[in-house]
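For reference, the structure is listed below as structure tokens.
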Amino acid sequence: EVQVVESGGGLVQPGGSLRLSCAASEFTISNSWMHWVRQASGKGLVWVSQISSSGSSTGYADSVKGRFTISRDSAENTLYLQMNSLRAEDTAVYYCARGGYRYAWDLWGQGTLVTVSS
Amino acid sequence: QSALTQPPSASGSPGQSVTISCTGTSSDVGAYDSVSWYQQHPGKAPKLMIYEVTKRPSGVPDRFSGSKSGNSASLTVSGLQADDEADYYCSSYAGSSIYVFGTGTKVSVL
């Protein structure tokens, strides 16, 4: 089955770090643009970051630029999001999504919850 | 990177149509034919309904249609069904490897 499965979420103190993983099945992430999108409880979707199919281009929302880093391991077919200097406002469900169409995400994971709290 | 503006709610009776607007700027919605729409049921991941303004992925009923004029886009759901009750989000490319979502609209089927 074509799918992505996120993991790595949890409770972390403000200022701490966390690395999220997104394991892809039945497709190759190095052939796709991959993204992270987050959603705070009861709130809307917020785009976080992208990495190009070649891996040479990345993009970040202003709210996470300089703190978050997107990367991938082609051998493991896994996408990552390294999150540093975490703040309470980073608390959200983080979704991994495939850019299967130009400018659109056709495959989403179930999400992983990140809670930043002391 | 301001969110695109959507009405908080919209509603219609079964069989009727509902249209959701998505207003951006000349730097995002107006600049690219990149608007996509997502349906999200409570506790579930978003589902792509429309991409590149008017295109439907395989499996999405033709009751869902999209359009764009200037800095605004719209999603119309015709022949409303109970399962259409969900949150809907628009999204647009905003240039420089940046994307922006809409504020979201809760659609109720009366």
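Protein chains get the first letters and strands the later ones, always in sequence-line order, with residue 1 at the start of each.
- Aromatic ring centroids of B:Tyr38 and A:Trp105 lie under 6.0 Å apart.
- We find the CH2-CG distance between A:Trp108 and B:Leu48 to be 9.0 Å, quoted to the nearest 0.5 Å.
- By number of non-hydrogen pairs under 4.5 angstrom with chain B, the leading residue of A:Ala61, A:Gly111, A:Ser57 is A:Ala61.
- For A:Val48, no part lies under 4.5 angstrom from a heavy atom of chain B.
- Ring geometry for B:Tyr32 against A:Tyr103 counts as tilted: the plane angle lies between 30° and 60°, on a 0 to 90° scale.
- Side-chain heavy atoms closer than 4.5 Å link hydrophobic residues (I, L, V, M, F, W, Y) into clusters, and following such links, possibly through other members, connects B:Tyr88 to B:Val60.
- In this structure, B:Ser34 and A:Arg102 have side chains that are not in contact, with every pair of non-hydrogen atoms separated by 4.5 Å or more.
- B:Ser36 touches chain A through its side chain: at least one heavy atom from C-beta onward sits under 4.5 Å away, while N, CA, C and O do not.
- Residue A:Ser52 does not touch chain B at all, counting heavy-atom pairs closer than 4.5 Å.
- Put simply, NZ on B:Lys44 and CD on A:Gln110 are 11.0 Å apart, with the number rounded to the nearest 0.5 Å.
- Taking both residues in full, the closest heavy atoms of A:Gly109 and B:Ala45 are given as O-CB, 3.2 Å, listed atom of the first, atom of the second, then distance.
- Of all non-hydrogen atoms in A:Gln39 and B:Tyr89, the two that sit nearest each other are NE2-OH, 3.4 Å.
- A continuous path of hydrophobic side-chain contacts links A:Met34 to A:Trp36 [ILVMFWY only; heavy atoms under 4.5 Å].
- Hydrophobic clustering (side-chain heavy atoms under 4.5 Å, transitive across Ile, Leu, Val, Met, Phe, Trp, Tyr) groups B:Ile50 together with B:Val107.
- With rounding to the nearest 0.5 angstrom, the OG atom of B:Ser58 is 11.0 Å from the CG atom of A:Asp106.
- Both B:Ile20 and B:Val100 are assigned to one and the same hydrophobic cluster, defined by single-linkage of ILVMFWY side chains at heavy-atom distances under 4.5 Å.
- Atom OG of B:Ser92 sits about 12.0 Å away from atom CH2 of A:Trp47, to the nearest 0.5 Å.
- Atom CG in A:Leu45 sits 10.5 Å away from atom SG in B:Cys90 (nearest 0.5 Å).
- Here the OG-OH distance, from B:Ser96 to A:Tyr60, works out to 15.0 Å after rounding to the nearest 0.5 Å.
- B:Trp37 and B:Phe101 fall into different hydrophobic clusters, where Ile, Leu, Val, Met, Phe, Trp and Tyr side chains are chained together by heavy-atom contacts under 4.5 Å.
- Neither the backbone nor the side chain of B:Asp87 comes within contact range of chain A; no heavy atoms are under 4.5 Å apart.
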